[in-house]
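A note on names: the letters A, B, ... follow the listed sequences, proteins ahead of strands, and every chain is numbered from 1. Since the model is a prediction, treat every value here as computed from it, not as a measurement.
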Amino acid sequence: MTLHGLARHGEFEWHLPMTSGMRVPAIVFGSLELVRAMDDKTLTQLRNVACLPGIVRAAMAMPDAHSGYGFPIGGVAAFDPAHGGVVSMGGVGFDISCGVRTLLTGLTRDHILARREELADALFRAVPSGVGRGGTIILEGEDLAAMLEGGAVWAVGRGYGQPADLGRIEDGGRMPGAVPGHVSPHAGKRIRDQLGSLGSGNHYLEVQWVEKILDPARSAAFALKEGDVVVSIHCGSRGLGHQIGQDFIDELAPGGKARRKGKNAAPNPYLPVPDREMVCAPIDSEPGRRYLGAMRSGINCALANRQVITHLVREVFADIFPTARLDLLYDVSHNTCRAESHRVDGKEKTLFVHRKGATRALGPGHPDLPAALRGAGQPVLVGGSMGTASYILAGTTEGEARSFSSACHGAGRVLSRTEARRRFVGRDLMESLRHQGVFVRTMSSRGIAEEAPGAYKDIDEVTSSAAGAGLAAPVARTLPLVCVKG
DNA sequence: ATGTGC
């Protein structure tokens, strides 16, 4: 695209021209370079979001934004249920509550360098990964509903992890308002043997080291020091979240599965823009409430999944490094719709904030943060592409007014999976990463080509843009040593 | 992201 028509508001904020149907402005956060590289589809999608009923303040794209199903990935939009606000499947994303958690290990890079290979093999054996791969747990009978209602709280109750973990997870590890009865039996069946598994695509389990401290005070609050080893887990709700999204799209979008099967698909009364992918339902409607009940079950599923994987990782470390203590720094989801309190025109309101490929980023002092983190702000875990840096940022006070306390979630794709496969060879990438000291283990070398660092934006540029826009403050930069890749 | 398809 050209920058023609975008109005610059400061160094890292751009407003799209208001076109017909837009109820609020559409805002892109990012440097000149990142905004210039965004494709037209991403901006068209952002405009569509700005047309939805009940949207508050603005439709926003984070610096890592790219086009997705309906909403852009890297999109943030808040809706007011009292003014016809909607909830959208494409606004949450297919992998409901996909997210990142980071564990501190108490080890340093020097401790583990000589045993990287052994660690890579052990983690790869212990944590199932890859398309369709199941885990070690089979959910029988009542267990499924209990997991969907209880999230990480359920998992800790079953012996996966420790109670102290729960304080370091959004919502104490359990999203309230989940209604497992609104999850289809088909969706339930898909998670039956998948709990405690990574999945595929951009999901990973990485052992990283803290290469640079960028904010000493906040790093101290997060217990991070230069040279420290941390473990980051990036995954979501596997087939269950995907199926929940698909089920509701099929039900609510005209031209969906019902029509393809020749059944009478009722025209969807909730589709306000001419794009089937923008399917949504009023928050205050029967299907809206039903989707929220199912989607929150998907959130709990992802929280339980990351909790079980944490347990598996701890078992591996207990074997190889018996002195290590794997304390949870934080767990943050980046595909959600959450009911949150925000100040709009001087009044506190409950808004339904969609963050799709965007993280919550609460500023210092927020009451939802655990006491130990309250002074520093919420850890914002920004996952890098394979073999590249990741960042730990912290939420800011300005972020509340700028982006409903939201920030970027990762590097963000620039090449499609197909294009990445054309340009890169998985085995060659693994070999060159090995030369750089990064030990990669995977079920799929094709997946490695799709996840080539060259298929992603520059994460340094993304995080410096988020910082420049005031959405989050850089705390530490990490580099990978071991990567188990879906 | 995804039993990488209906």
In whole Å, what is the span from the [atom1] atom of [X] to the [atom2] atom of [N]?
{"X": "A:Ile244", "N": "B:dT2", "atom1": "CD1", "atom2": "P", "result": "14 Å"}
{"X": "A:Leu240", "N": "B:dT2", "atom1": "CG", "atom2": "C1'", "result": "12 Å"}
{"X": "A:Tyr69", "N": "B:dT4", "atom1": "OH", "atom2": "C1'", "result": "16 Å"}
{"X": "A:Ile73", "N": "B:dT2", "atom1": "CD1", "atom2": "P", "result": "13 Å"}
{"X": "A:Asp193", "N": "B:dT2", "atom1": "CG", "atom2": "C1'", "result": "14 Å"}
{"X": "A:Met443", "N": "B:dT2", "atom1": "CE", "atom2": "C1'", "result": "16 Å"}
{"X": "A:Lys189", "N": "B:dT2", "atom1": "NZ", "atom2": "C1'", "result": "16 Å"}
{"X": "A:Asp95", "N": "B:dT2", "atom1": "CG", "atom2": "P", "result": "5 Å"}

Base, sugar-phosphate or nothing for [X]? Non-hydrogen atoms, less than 4.0 Å.
{"X": "A:Gly239", "result": "sugar-phosphate"}
{"X": "A:Arg421", "result": "nothing"}
{"X": "A:Gly68", "result": "nothing"}

| message | I want to check one thing: is the phosphate of B:dT2, taken as OP1 and OP2, less than 4.0 Å away from some side-chain N or O of A:Ser200? | response |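 Yes, such a contact exists.
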
| Is any side-chain N or O of A:Arg417 closer than 4.0 Å to OP1 or OP2 of B:dT4? |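 So the side chain of A:Arg417 is outside the cut-off, no N or O lying under 4.0 Å from OP1 or OP2 of B:dT4.
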
| message | Between A:Arg168 and A:Asp327, does any NZ, NE, NH1 or NH2 come within less than 4.0 Å of an OD or OE carboxylate oxygen? | response |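 Answer for the salt bridge query: no.
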
| task | Verify whether the ring centers belonging to A:His409 and A:His234 lie closer than 6.0 Å. | result |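 Between A:His234 and A:His409, which both carry aromatic rings, the centre distance is not below 6.0 Å.
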
| task | Please determine, by modelled atom types, if A:Arg355 and A:Ser403 share a side-chain donor-acceptor pair under 3.5 angstrom. | result |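 Note: A:Arg355 and A:Ser403 side chains miss the donor-acceptor criterion.
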
| query | What residues form a side-chain hydrogen bond (donor to acceptor under 3.5 Å, both in side chains) with A:Ser184, not counting sequence neighbours? | reply |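 Testing A:Ser184 for side-chain hydrogen bond (donor to acceptor under 3.5 Å, both in side chains), a comparison that skips the adjacent residues, returns A:Asp247.
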
| field | By side-chain hydrogen bond (donor to acceptor under 3.5 Å, both in side chains) - contacts of A:Thr105 (at least two apart) | value |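 Partners of A:Thr105 under the side-chain hydrogen bond (donor to acceptor under 3.5 Å, both in side chains) test: none.
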
| query | Closest nucleotide of DNA chain B for A:Val131 versus for A:Arg413: which of these residues is on the 5' side? | reply |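 Residue closer to the 5' terminus by nearest nucleotide: A:Arg413.
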
